[in-house]
Amino acid sequence: GSEMCIRDRVNVGPFNVQKYYPGDHFAALHSERTGLSTLHRIFAFMTYLNDVNDGGTTNFDHYGLKIKPEKNPIALRNNNISFFKELFNEARVTIENSFKHNNNGLFCARANSSLMVQIITLMFKTFKNNFRNLNGISIVATGGFGRCELAPYSDLDLLFLVSSKKNILQDQLIKFLLYCLWDLGIKVGHTTCTVNQVIKDIENDLTFKTAILDKRFIIGEKRLFNNLKIKFNILRKDTVSQFVKLKIKEQSQRHHKTGGSRYMLEPNVKESKGCIRDLNTIYWLSKYKYGFDSLNELKLYDKKWENKYNDI
């Protein structure tokens with residue numbers, strides 16, 4: 001253990017292994033306070049081999065944190081992360097080589113989205129096997145990930161849809177997934193909500209509402225996702241005109257911020273007038289009005305869109 005530490009540069013405390021037999025009380029005796037105000041714990045590797053039911057915490061007073069003991073979270077993550085890294089890196093190289101040879105950005109964005117779906121699905125199934133009676137959770141892709149337009153190194157937008165916010169097993173599974181994704185170097189934008197919370201939050205949050213508009217089921221309990229679709233559709237039908245007005249206003253503000261002209265010599269290819277975000281806005285407005293799930297369905301609602309769709 002001492003080889004891991006640079007003793008010439010930092011003060012390092014001892015490595016401790018503590019064993020508790022059934023019936024022993026787990027006391028809250030971990031703390032970075034050593035009596036010397038200049039020292040505090042900055043790292044601790046903790047793993048608990050069995051459930052701890054009688055309290056106790058690992059305290060990081062300097063940061064205001066108290067970590068409750070949980071069965072084997074770190075060991076479980078480290079046992080699998082090397083496999084996930086190898087799988088992820090190999091697939092990313094394949095996608096990158098495909099882009100270099102074929103120059104097909106849309107295909108690569110979709111391939112990258114498909115890769116992340118497979119990685120998350122594999123993680124979910126791997127970790128779910130370590131929990132008893134785990135249910136009431138659905139993992140949903142939103143935003144660009146939900147549209148299957150995931151560019152390399154883009155944020156991964158995830159909605160953890162749960163049946164109840166007060167469920168320890170669900171919280172543990174979500175943490176496992178996030179830790180592994182972070183270990184792969186992936187930036188994750190995530191939120192955990194019940195269906196009713198989502199509907200309540202999107203009423204006053206245009207960005208969240210737009211992200212949910214691009215929702216796509218990944219894995220978990222499909223009934224939660226279907227319930228969200230039903231309730232979102234009810235809200236959508238009653239708020240079409242409001243949504244259109246807000247998105248048009250948002251678009252105007254974005255154009256003003258990025259120069260307000262489609263003829264800029266160096267436009268922001270995502271945010272400027274006439275660029276990607278404007279195409280997204282057309283898609284969102286149409287999707288919100290008609291309620292379709294994919295761009296292909298738009299032609300069923302308005303034949304005039306068929307030529308436009310082919311052009312896009």
Side-chain angles (χ1 to χ4, degrees), residues 1 3-6 42-49 67 70-131 134 137-161 169-192 211 214-220 225 269-270 276 280 294:
E3 294 176 357
M4 298 170 58
C5 304
I6 308 174
I42 59 173
F43 174 79
F45 185 95
M46 303 290 295
T47 183
Y48 301 89
L49 301 181
I67 309 300
E70 298 174 350
K71 181 181 177 181
N72 210 26
I74 296 178
L76 176 61
R77 179 164 56 97
N78 284 340
N79 285 342
N80 293 279
I81 194 61
S82 60
F83 166 72
F84 291 132
K85 281 184 176 180
E86 182 179 355
L87 178 65
F88 176 71
N89 291 332
E90 182 178 340
R92 284 291 290 270
V93 169
T94 301
I95 295 172
E96 182 179 349
N97 290 336
S98 173
F99 177 73
K100 289 178 179 178
H101 285 90
N102 302 316
N103 200 30
N104 190 332
L106 183 58
F107 170 81
C108 290
R110 290 174 175 171
N112 203 38
S113 299
S114 178
L115 168 62
M116 292 315 308
V117 167
Q118 294 178 57
I119 291 288
I120 292 170
T121 299
L122 186 57
M123 288 179 177
F124 182 91
K125 290 181 178 180
T126 300
F127 297 140
K128 191 173 186 296
N129 292 335
N130 290 273
F131 295 96
L134 175 64
I137 184 170
S138 174
I139 302 180
V140 180
T142 62
F145 184 30
R147 295 192 305 274
C148 295
E149 297 176 359
L150 189 64
Y153 310 108
S154 289
D155 290 2
L156 198 68
D157 294 324
L158 291 175
L159 168 65
F160 295 104
L161 204 58
L169 290 182
Q170 290 173 359
D171 292 343
Q172 288 179 331
L173 177 62
I174 291 169
K175 283 193 285 187
F176 286 149
L177 288 170
L178 291 176
Y179 289 154
C180 275
L181 291 172
W182 290 331
D183 283 343
L184 293 181
I186 299 169
K187 294 180 290 184
V188 185
H190 63 94
T191 185
T192 303
D214 290 324
K215 61 191 176 297
R216 179 164 58 100
F217 176 76
I218 298 180
I219 193 171
F225 179 76
V269 295
K270 181 178 180 180
I276 295 174
N280 292 148
S294 69

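Note that these values count all heavy atoms, side chains included, but never hydrogens, waters or copies made by symmetry. Count residues from 1 along the sequence.
Inter-residue side-chain proximity for T192 and Q170 is flagged as unmet; no heavy-atom pair is nearer than 4.5 Å. Side-chain contact between T94 and L115 is absent, with no heavy-atom pair separated by less than 4.5 Å. Residues E149 and N280 have side chains in contact (heavy-atom distance under 4.5 Å, counting atoms from C-beta outward). Using a 4.5 Å heavy-atom threshold, the side chains of W182 and L178 count as touching. For the pair I186 and F88, the minimum side-chain heavy-atom distance is below 4.5 Å. In this structure, the side chains of L87 and Q118 stay at 4.5 Å or more apart for every pair of heavy atoms.
Using modelled atom types, no side-chain atom of T142 and backbone atom of D214 make a donor-acceptor pair closer than 3.5 Å. For R216 (side chain) and V140 (main-chain N/O), no donor-acceptor pair under 3.5 Å exists by modelled atom type. Not one N or O on the side chain of N112 forms a donor-acceptor pair closer than 3.5 Å with the backbone of C108. Listed for the S154 side chain is a donor-acceptor partner under 3.5 Å among the backbone atoms of A151. Checking side-chain atoms of T126 against main-chain N and O of L122 turns up a donor-acceptor pair under 3.5 Å.
For the atom pair CG (N104) and CZ (F99), the distance works out to 8.5 Å, reported to the nearest 0.5 Å. Here CG of D155 is found 11.0 Å from NE2 of H190. Values are rounded to the nearest 0.5 Å. In this structure, L181 CG and K187 NZ are separated by 14.0 Å, a value rounded to the nearest 0.5 Å. Here the SG atom belonging to C180 is positioned 11.5 Å from the CZ atom belonging to F83, to the nearest 0.5 angstrom. Note that CG of L150 is 11.0 Å distant from OG of S114, once rounded to the nearest 0.5 Å. The OG atom of S113 sits 6.0 Å away from atom CZ of F145, with the distance rounded to the nearest 0.5 Å.
Taking every heavy atom of both residues into account, D157 and G144 meet most closely at OD2-N, 4.4 Å. The two residues I120 and L177 make their nearest non-hydrogen contact at O-CD2, 4.3 Å. Between F124 and L173 the shortest heavy-atom distance is CE1-CD2, 3.6 Å. Residues L184 and K85 come closest through the heavy atom pair CD2-CG, 3.3 Å.
A cation-pi arrangement is present between R92 and Y153 under the rule of less than 6.0 angstrom and at most 45 degrees off the ring axis.
Using cut-offs of 30° and 60° on the angle between ring planes, the pair F217 and F225 is tilted.
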